[in-house]
Every structure is written in structure tokens, then in C-alpha cells.
*Asks:* 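One structure, pasted below without further comment.
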Amino acid sequence: RGWWGGKKRGAELPLPSAKRRDAALTVDAADAAAAAEVTLERSLCQSGLGTGVASVGSVPTIDMGSADCAEVMWQAAQEVGFFTVVNHGIAEELIDAGFSTSAAFFAQSREAKEAQSPFSSHLNSGYEFMAQVRPSTGTADHKESLQITARAGAMDGRWPES
């Protein structure tokens, strides 16, 4: 059962006043962090960072064993926005297991995914179906995704079972 106690998403149980205050503080802190991220994204968009275009078949490859990997990664992130990493030391079996787990999660019904990982807009975490709007452009992404946020507490009750 999700954090909402098995009720429909959005139906919250009444909290005692101290817990309500603590929850409000958590929401306020999360909202402030999210607002800071939106401000950063907008400033990056206006600066032109990440506006480079990759030509067909030329995804930048970052060799983690090279001395200049940090500079090359930063350049790829700024100019193209994505890259492939090699010589990272992660076992192929672990990578394959991660992809298998992801495939199993996304193969489920939308209702099952929402139940396992309810979306929280103020934490920007959880399962989302064709609803995310890019703050920098105001346009919606037409995809489903599992937003994983590193902020403390953002993934509490949102890690999928599969």
C-alpha cells in the first residue's frame, strides 16, 4: 500500500495538528527546493547551455578511465545534453538487472505503477503518465516516467515493488 493508506490518490487522512505543521514544513521545504530547480533550469535555458545538437550516430562517449573525463563529460552535458559512459566499473550483470527491473515495472498497468509509486508534484518524484510540463518551456512531455529524486525523503513510499 502507498503512503495514502490505500485510499484513492489525493485523498489524505486528517493529521494531528503537530503532524500537520511538520507536513506543511516538509511541503514548504520541498516547494522551495523545486522552485530553486525551476529557476536553475530557466537560467540554463536562457544561457544557451545544452542547446547543441548531436548529429546522427554521434552520441558522445565518456571514458571514465581518461584523465580528462570530467571536462569531456561537462562539455557533452552542455553541448548535447546526454552521453554514453564506458569504463565505469559497473558489472554488465548489474546493468542488465537494472534494465530488466525497469522493463518489468513499465510492463505493468498504469494503475499498478501509480499504486506502487504515487507521484508527488511538490517533491518531483514518483510515477508520472504524460503529465510532466517542462518549467522552462511550458510544454508537456508525452511520455511516462518514474521520477527519482535524490532530495532527502522525496522517494519515501515511492520505490516500486518490481
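Throughout, numbering of the chain's residues begins at 1 and tracks the sequence.
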*Asks:* Any Lys/Arg nitrogen of Arg110 or Glu144 sitting under 4.0 Å from an Asp/Glu carboxylate oxygen of the other?
*Replies:* no

*Asks:* Please evaluate residues Ile62 and His88 with respect to the criterion side-chain contact (heavy atoms from CB on, under 4.5 Å), reporting the C-alpha separation (whole Å), side-chain torsions for both, the decisive distance (0.1 Å), and the verdict.
*Replies:* CA-CA 9 Å; Ile62 312 301; His88 43 68; over 6 Å; no

*Asks:* Do side-chain atoms of Ser125 reach the backbone of Ala154 as a donor and acceptor pair under 3.5 angstrom?
*Replies:* yes

*Asks:* Is there a continuous path of hydrophobic side-chain contacts, each under 4.5 Å between heavy atoms, that joins Met73 to Val59?
*Replies:* no

*Asks:* Hey, does the side chain of Ser100 reach the backbone of Asp96 with a donor-acceptor pair shorter than 3.5 angstrom?
*Replies:* yes

*Asks:* Rounded to the nearest 0.5 Å, what separates atom CG in Asn87 from atom CG in Asp63?
*Replies:* 4.5 Å

*Asks:* Does the side-chain hydrogen bond (donor to acceptor under 3.5 Å, both in side chains) test come out yes or no for Tyr127 and Gln116, once each step is laid out?
*Replies:* CA-CA 8 Å; Tyr127 174 74; Gln116 288 180 51; over 6 Å; no

*Asks:* Under a single-linkage definition using a 4.5 Å side-chain heavy-atom cutoff for Ile, Leu, Val, Met, Phe, Trp and Tyr, are Phe105 and Met130 assigned to the same hydrophobic cluster?
*Replies:* yes

*Asks:* Once rounded to the nearest 0.5 Å, what's the spacing between atom CD of Glu128 and atom CD of Glu114?
*Replies:* 10.0 Å

*Asks:* Roughly how far, to the nearest 0.5 Å, is CG of Asn124 from CZ of Arg151?
*Replies:* 7.0 Å

*Asks:* Yes or no on side-chain contact (heavy atoms from CB on, under 4.5 Å) for Ser117 and Leu146, after CA distance, side-chain angles and deciding distance?
*Replies:* CA-CA 8 Å; Ser117 189; Leu146 178 59; 3.2 Å; yes

*Asks:* Under the criterion side-chain contact (heavy atoms from CB on, under 4.5 Å), I'd like the reasoning laid out for Met64 against Val86: C-alpha separation, chi angles, the key distance, then a yes or no.
*Replies:* CA-CA 6 Å; Met64 296 301 289; Val86 297; over 6 Å; no

*Asks:* Tell me if a side-chain donor or acceptor on Arg158 pairs with a main-chain N or O of Pro118 at a distance below 3.5 Å.
*Replies:* yes

*Asks:* Show your reasoning for whether side-chain contact (heavy atoms from CB on, under 4.5 Å) applies to Val72 and Phe83.
*Replies:* CA-CA 10 Å; Val72 175; Phe83 45 83; over 6 Å; no

